[in-house]
Amino acid sequence: MLSRRKVLALGGVVSGATLAGVFRSAQGADVSYDEHHGMVMPKSQPWREVTDAPVTPFTVPMPLPSVLTPTASHDGCDFYRVAIRTANAEIIPGLQTPVIAFDGRFVGPTIRAKVGRRVSVTFDNRLGEAANVHLHGGHTPSASDGFSMDYINAGTQRVYDYPNLQRGATLWYHDHAMGFEDVHVYAGMHGFYLLDDPAESRFGLPGGQYDVPIMIRDAQIDDTGAMIKQDPDARKVLIANGKAQPYFQVAARKYRLRLLNASIYRFLTLSLGGAEMIQIGSDGGLLPAPVSRTELPMSPAERAEIVVDFSRHPIGTKLVLSDTIGPVMRFDVTRHAADQSRVPDALVPPPSLPAATVTRDFALSMDPDNPSHYINGRTFDPNRVDVSVRRGATEIWRVTNKDTDFGGEPGVTLDHNFHLHLVQFRVLDRDGGPPLPGESGLKDTVPVRPGETVRLQATFTDYPGRYLYHCHMIEHSAYGMMGRFDVV
Ligand code: C2O
Ligand code: CU
Ligand code: CU
């Protein structure tokens, strides 16, 4: 539909043979950053013809990401170690796909944290080049937030401290290294971080083995198994928890499903063949009240927690979770099970809205003629403070997607979304109208449709220092659609 995308989709090829080449340039502190142009694109590789590997849907079970065990627990803190390394993953049965992954697992190990109890993770970078880690959705001190230039250099380690002083929520961790986050996350640097608030057990929501995180993303995989990163529209393999179109056997009862769109570019629109999905949570935790849906749009990095009641379907039913381009996975109802769980009418009220003292405008746009992406007309510069926020201030951010009639072509539009580090925000309105269903709680990432203006309100509590905001189509942020805000 948009041929210009091919020009804009300057990816690299991620495969065993080319990993070294793709990552060679990310060694030093600022190799991928250029004083004159703001960004350089060492990861670009010549376009090549690709023969896609065929995928037969529903032939493998969907695994659950393993849960990480602390190496030690003392002084109110759980300590973990995670290696960042290359590995092979069997995403499509019978094919080995080279990946870069946390502990070598294509969905990284899940870190389970509790509200009010600290977590300290030592990330050990065993790659031949720099990487780093950001806890997406975390209320995190600046030094542990994975600012673009805070590299974990090749062969070194870095300790990240997470205070967990925020609401229970489905968070995730991923790479955020300057100019390379798109390559690294696409290559597999993504994992769940589930922050549990024990007080939420009062709601009686499905728990334990009936509380299932599902990381959904796309990829293009060629017939040798290599992941190809060039044309975003060619990423037609839909992957759930690291497997292409798996099946998942469920009992005829209610499940809490924690969905994450970990794609670096694709907007998903999920449906369950018309079956009801009761949304109970979003990025920042539980909603004020459940929302019944049959369609669930998710832009990159957004989370949606849904409850699905499989007892409404007879044993033997197979329910396909689909995106508009095809099936993501299939739920097979295979057995009976007792179910004491419920979905109460009221969940967690959002925090009050203190009066905002500052309003700011952010315009997202791309350049049709070169691979520069902008916020307020500027590409990202990690050394430039775009916004200074007073600690404790409440602000309204008006975010507009300017990409209508892109490149002067009437009707050509581009999607974007918007993510803010450090704090969860409220969505006040969209073009003056109400927020979308599912946006009534706390959010850290929202879609911003072509021409649309979304107003967000946030209170910047606790931690001073440098942070980021950006489009979370990471192929946009990695080419400059990102800004720096400092809390002072
Ligand atoms: Cu999910 Cu700035 O990141
Ligand atoms: Cu983030
Ligand atoms: Cu964008």
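We're numbering straight along the sequence, starting at 1. Hydrogens, waters and symmetry mates are skipped; everything else that's a heavy atom, side chains included, is used. We count ligands from 1, going down the list as the structure has it; atoms in each ligand are counted the same way.
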Trainee: Give me the ring orientation class for Trp172 and His472: parallel if the planes are under 30° apart, tilted from 30 to 60°, perpendicular past 60°.
Mentor: tilted
Trainee: Does Arg158 count as lying over the ring of Tyr160, i.e. NZ or CZ under 6.0 Å from the six-ring centre, within 45 degrees of the axis?
Mentor: yes
Trainee: Taking the side chain as C-beta and beyond, is there a heavy-atom pair between Thr357 and Thr394 under 4.5 Å?
Mentor: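 Thr357 vs Thr394: side chains apart.
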Trainee: State the count of protein N/O/S atoms located less than 2.8 Å away from atom 2 (Cu) of ligand 1.
Mentor: 3
Trainee: With Arg167, which residues qualify under salt bridge (Lys or Arg N to Asp or Glu O under 4.0 Å), at least two apart?
Mentor: none
Trainee: Check this for me: does any side-chain nitrogen of one of Asp218 and Lys236 sit under 4.0 Å from a carboxylate oxygen of the other?
Mentor: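 Judged by the 4.0 Å cut-off on N to carboxylate O distance, Asp218 and Lys236 do not form a salt bridge.
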Trainee: Would you kindly check if the NZ (Lys) or CZ (Arg) of Arg235 is within the cone defined by 45 degrees around the ring axis of Tyr186 and under 6.0 Å from the six-membered ring centre?
Mentor: yes
Trainee: For Val185 and His190, which heavy atoms make the closest approach, and how far apart are they?
Mentor: O-CD2, 3.4 Å
Trainee: Per the ring-ring contact (aromatic ring centres under 6.0 Å, His included) rule, what does the pair list look like for residues 436-466, sequence neighbours excluded?
Mentor: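 Listed once each, the pairs are His139-Tyr463, Trp397-Phe460, Phe460-Phe485.
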Trainee: Is Asp283 salt-bridged to Lys443, going by a charged N under 4.0 Å from an acidic O?
Mentor: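 Here Asp283 pairs with Lys443 in a salt bridge, since their nearest N and O are under 4.0 Å apart.
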Trainee: For the Cu ion (ligand 2), report each protein N, O or S atom nearer than 2.8 Å, sorted by chain and then by residue number.
Mentor: His134 NE2, His419 NE2
